[in-house]
Amino acid sequence: MAGQPAPEQAARIRASGAATLAVESAGLQALAEALDGALGDAFAAAVETIIATSGRVVVTGMGKSGHVGNKIAATLASTGTPAFFLHPAEASHGDLGMLTAADVVLALSWSGGTAELRDIIHYTRRHGVQLIALTGGANSALAKAADILLLLPPITEACPHGLAPTTSTLIQMALGDALAMALLERRGFTPQEFAQYHPGGKLGAQLMTVGELMQKAPNLPLVEEGADMSRAILAMTGHSLGCAVVTAPDGRLAGLVTDGDLRRHMHDGILKRPVTEVMTRRPLTTEPGRIASAALKEMNERKVSQLVVLEEDRPVGVLHLHHLLSAGVA
């Protein structure tokens, strides 16, 4: 079969993959241990510096560090910290104009001696822009110039020749993720705010709110407490929600009649029975601002197809499972 190596070769391939992961795991462990020491103090200072700035985090780096920097900038921006990536070469040809004194520069370089970063470093020193260095070079030009030094621990590259950036880029990215998550928590960044930055795709659907997906009043199957089941069934058949919402005279929720309630009480005299004899008195409810994926989780756990949406105990909508399916949440 094409693409299938001989057993001996397959074993060597698996061993190579496992060895890479083992070396990189050791690098992550070294990073975690460093965060308990001096790196942790610098890390906390970096978070507070970024929180205090009125500008953006401008991430920069060359080569593989640049690719990592692009990802870090994207993660920061999507989790409440305004950020963008500035390519060092473009910076030297006019893009330094993107920098302001209110910004913070996060510069990545494993060695700390990347020549292409020189102009950005000089610019930050001349114009008082805060510079955070993320590097493994303790005595490098970048480290010495930085206001805050995030010094990465010594590691072994997973490359068998010790040449291709592997473990080094992994721990750069991991520390960037740690920085983004610490900032997220420090800001109190909420799922609702996260949803504003992720409106597209599956993730965007999951972060929609109940209020965006629910069927809204007045287009609801409402019946009053004093009604009989013939009115409730008429309301149910006119709205494709599989339920009738029963309200008290003051407009507050009194109960819910579902398809399941109908099946449990079905007999010849059901049409004349009061809805209060058939309805569920304490149906599951939710609120418009709730994240839709959280509502779906509850519906799955409680094995129900709909939730009554309340504001001040009054029904303002019904969220049905088919609303979630249509939006791509489920």
Side-chain angles (χ1 to χ4, degrees), residues 190-196 198-330:
T190 66
Q192 287 79 7
E193 290 173 298
F194 195 81
Q196 294 176 22
H198 298 79
K202 180 72 173 179
L203 181 59
Q206 290 177 333
L207 292 171
M208 293 180 75
T209 63
V210 168
E212 293 176 280
L213 298 177
M214 69 183 186
Q215 187 157 316
K216 300 177 177 65
N219 186 25
L220 294 176
L222 299 176
V223 293
E224 295 183 353
E225 266 183 319
D228 59 28
M229 282 302 298
S230 64
R231 294 278 300 277
I233 292 172
L234 187 63
M236 293 172 71
T237 56
H239 291 85
S240 303
L241 290 173
C243 67
V245 180
V246 184
T247 58
D250 63 0
R252 296 177 185 272
L253 177 68
L256 186 71
V257 179
T258 67
D259 290 336
D261 293 323
L262 285 181
R263 288 191 295 271
R264 284 188 291 274
H265 293 85
M266 186 63 67
H267 56 75
D268 290 343
I270 191 172
L271 292 179
K272 296 182 179 180
R273 292 182 66 183
V275 292
T276 52
E277 292 183 8
V278 177
M279 72 183 187
T280 299
R281 291 189 175 273
R282 284 183 170 79
L284 292 178
T285 63
T286 189
E287 61 280 344
R290 190 180 187 187
I291 294 296
S293 57
L296 173 63
K297 182 175 183 291
E298 182 179 14
M299 292 167 75
N300 287 335
E301 290 174 348
R302 302 296 290 273
K303 295 181 171 56
V304 298
S305 299
Q306 61 278 109
L307 296 173
V308 183
V309 186
L310 301 181
E311 283 185 341
E312 299 180 352
D313 295 330
R314 289 173 170 77
V316 294
V318 172
L319 180 70
H320 195 280
L321 185 61
H322 64 62
H323 297 142
L324 299 166
L325 290 168
S326 296
V329 178

Residue pair [X] / [Y]: nearest heavy atoms and the distance that separates them:
{"X": "Cys243", "Y": "Pro221", "value": "O-CG, 3.3 Å"}
{"X": "Gly289", "Y": "Thr209", "value": "O-CG2, 4.0 Å"}
{"X": "Ala244", "Y": "Val223", "value": "CB-CG2, 4.4 Å"}
{"X": "His265", "Y": "Ile270", "value": "O-CD1, 3.5 Å"}
{"X": "Gly251", "Y": "Arg314", "value": "O-CG, 3.4 Å"}
{"X": "Arg281", "Y": "Met279", "value": "NH1-CE, 3.3 Å"}

Exercise for the section: Would you mind reporting whether Asn219 and His239 have side-chain heavy atoms less than 4.5 Å apart? Expected result: yes
Exercise for the section: Let me know which of Leu319, Leu296, Val309 forms a side chain to side chain contact (heavy atoms under 4.5 Å, CB included) with Leu213. Expected result: Leu319
Fill in the blank from the handout: Tested for side chain to side chain contact (heavy atoms under 4.5 Å, CB included) against Val318, the lone hit among Leu222, Leu220, Leu307 is Leu220
Would you find more than 12 non-hydrogen atoms of other residues, nucleotides or ligands less than 6.0 Å from [X] atom [atom1]?
{"X": "Glu225", "atom1": "CD", "result": "yes"}
{"X": "Arg273", "atom1": "CZ", "result": "yes"}
{"X": "Glu277", "atom1": "CD", "result": "yes"}
{"X": "Lys216", "atom1": "NZ", "result": "yes"}

Exercise for the section: Please name all residues satisfying side-chain hydrogen bond (donor to acceptor under 3.5 Å, both in side chains) with Glu298, sequence neighbours left out, ordered by chain then number. Expected result: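 For Glu298, the residues satisfying side-chain hydrogen bond (donor to acceptor under 3.5 Å, both in side chains) (neighbours in sequence not counted) are Arg290.
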Handout entry: Backbone of Leu241 reached by a side-chain donor or acceptor of Gln306 within 3.5 Å
Key =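 Yes: the side chain of Gln306 pairs with the backbone of Leu241.
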Value rounded to 0.5 Å, distance of [atom1] in [X] from [atom2] in [Y]:
{"X": "Met214", "Y": "Thr286", "atom1": "CE", "atom2": "OG1", "answer": "10.0 Å"}
{"X": "Met229", "Y": "Thr276", "atom1": "CE", "atom2": "OG1", "answer": "10.0 Å"}
{"X": "Ser305", "Y": "His320", "atom1": "OG", "atom2": "NE2", "answer": "5.0 Å"}
{"X": "Glu224", "Y": "Thr247", "atom1": "CD", "atom2": "OG1", "answer": "5.5 Å"}
{"X": "Leu262", "Y": "Ile233", "atom1": "CG", "atom2": "CD1", "answer": "5.0 Å"}

Side chains of residues 252-259: which donor-acceptor partners sit under 3.5 Å, not counting sequence neighbours?
{"unit_1": "Arg252", "atom_1": "NE", "unit_2": "Asp250", "atom_2": "OD2", "d": "3.3"}
{"unit_1": "Arg252", "atom_1": "NH1", "unit_2": "Asp313", "atom_2": "OD2", "d": "2.9"}
{"unit_1": "Thr258", "atom_1": "OG1", "unit_2": "Gly260", "atom_2": "N", "d": "3.3"}
{"unit_1": "Thr258", "atom_1": "OG1", "unit_2": "Asp261", "atom_2": "N", "d": "3.2"}
{"unit_1": "Thr258", "atom_1": "OG1", "unit_2": "Asp261", "atom_2": "OD2", "d": "3.2"}

